[in-house]
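Presented below is the structure to which this report refers.
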Amino acid sequence: MKTKKTRTCKKTAAKKAKPWGGRFTEATNELVEKFTASIPYDWRLYPYDIAGSIAHATMLGKKGIIPKKEADRIIRGLEEILQEIVSGTFAFSEELEDIHMNIEQRLIRKIGAVGGKLHTARSRNDQVALDIRMYLRDEITGIHDLLGLLQKVIVGLADKHQDVVMPGYTHLQRAQPVLFGHHLLAYYEMFDRDRDRLEDCFRRVNVMPLGAGALAGTVLPIDRALVARLLGFPSLCENSIDAVSDRDFAIEFTSVCAQIMMHLSRLSEELVIWSTAEFGFITIADAFTTGSSIMPQKKNPDVPELTRGKTGRVYGSLVSLLTIMKGLPLAYNRDMQEDKEPLFDAADTVSLTLSVVTEMLKGITVHRDTMRMAAEDGFITATDLADYLVRKGMPFRRAHEIVGNAVLRATALECGLGTMPLNEYRKLSPLIREDVYDALSLEASVGRRTSYGGTAPANLKKRLQSLKKKMR
Ligand code: ARG
């Protein structure tokens with residue numbers, strides 16, 4: 001009775017043909033199959049999985065671990081499989097769990113039992129670590145390039161609108177006049193740091209894990225350095241246990257993605273505000289806005305809004321990855337399969353968002369007069385009045401107080417600081433003379449801020465020159 005049952009179950013297990021089916025007597029539950037499969041999303045690792053396998057087979061052949069002829073057959077088989085996937089004729093199977101087993105089983109079916117030699121001295125644990133690292137190298141390069149394109153557009157806009165003055169804000173209250181170009185170049189700096197972070201992250205991604213086996217290394221005389229050379233890795237993971245259990249590099253990458261999105265969302269928020277009727281600083285091109293299904297007059301800034309929204313999604317990916325890895329004992333645990341969806345989603349979201357924001361920025365119209373009017377209004381040059389008094393020898397704290405009084409008086413007189421009569425100023429301080437009005441103009445305010453990194457036109461010009469040269 002028992003024997004019979006075992007035999008039936010073996011048959012079912014055999015029918016399902018699991019590459020690891022040897023020690024099993026029962027077929028996998030269908031729900032478990034669905035639950036454990038990663039093929040619906042990890043199929044996209046195929047170019048890396050195949051390139052990694054080709055390098056591994058080459059090494060196995062070179063080291064005589066498998067006959068060279070067999071290694072060549074394996075490599076040819078893998079190259080054909082690549083073509084099948086690219087041309088869409090490859091049939092992915094959920095029963096085969098993941099991309100690694102899908103490709104391996106296809107290889108065996110294609111070239112026979114010799115295909116089973118590919119997995120010599122290898123485990124899916126080091127294989128998947130390799131695939132993710134190779135995938136990330138490409139994603140990092142791509143996002144790095146996209147950031148460069150965005151920076152170029154920012155510099156172009158700043159260059160084109162070099163003399164446009166706008167109110168600079170703190171607490172979203174008008175604070176001091178600044179050049180629009182100077183404001184834009186603040187974003188250049190943010191994206192430059194993001195690129196730097198990506199480059200730094202790349203160094204830790206670009207380390208080769210294959211050869212760690214399941215966790216302990218292998219008894220076979222493999223040559224990890226050769227595999228690394230073939231795949232363009234400058235160094236090897238030093239510890240086999242770490243090699244299969246480390247996902248720091250994926251977390252790091254996602255954290256850089258989160259910061260990029262944070263920067264994009266700040267820019268987006270400004271674009272949303274600037275394009276309101278209340279501000280009217282810019283117009284976003286029709287092609288990058290959408291209408292309302294009920295209010296015919298509406299033109300909504302959906303691209304910057306969705307950029308803000310998608311930022312939440314990328315933060316979610318970062319938290320997912322951190323939480324997946326938290327408390328995992330060494331070495332590989334199946335939990336780690338859950339790293340892929342957040343990782344892919346973060347990379348995809350950042351790439352798409354960068355592309356669309358860059359295109360949108362190219363097409364914005366800048367309303368220089370509206371920006372200037374906003375900068376002229378009110379008491380935006382109050383700091384300049386204080387600085388004027390400081391230049392006449394008054395301590396800054398005292399000057400601050402007098403300017404406060406001037407603002408109070410001007411409010412009562414319903415005028416601005418630049419239009420308050422001189423006799424009113426003289427009541428506040430005898431140091432104030434006719435030349436105060438020159439000091440209070442927007443041009444003087446901006447033009448005097450020549451401290452290194454300040455908003456003066458001369459600074460902006462110099463910075464733009466060096467950035468344009470750098471980006472050529
Ligand atoms: N699909 C798996 C993953 O993404 C590959 C590694 C499986 N390893 C294992 N021991 N089951 O993590």
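In each ligand, atom 1 is the first atom listed, and ligand 1 is the first ligand listed.
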Using the salt bridge (Lys or Arg N to Asp or Glu O under 4.0 Å) definition, which of the options E97, E26, E33 pairs with K18? E33

The side-chain hydrogen bond (donor to acceptor under 3.5 Å, both in side chains) partners of E270 (sequence neighbours excluded) come to H183, Y187

Which salt bridge (Lys or Arg N to Asp or Glu O under 4.0 Å) pairs, counting each pair once, include a residue from residues 345-362, with sequence neighbours left out? R44-D348, R313-D345, E359-K362

Contact residues of ligand 1, where a non-hydrogen atom lies under 4.0 Å away: S38, D98, H100, R124, N125, V128, Y332, R334, Q337, K340

Knowing that exactly one of K68, R76, K69 qualifies, which makes a side chain to side chain donor-acceptor pair (under 3.5 Å) with D72? K68

For R133, enumerate each residue passing the salt bridge (Lys or Arg N to Asp or Glu O under 4.0 Å) test, keeping only those at least two apart in sequence or located in another chain. D246

Using the six-membered ring wherever Trp is involved, compare the ring planes of F281 and Y169 and label them parallel, tilted or perpendicular (cut-offs 30° and 60°). tilted

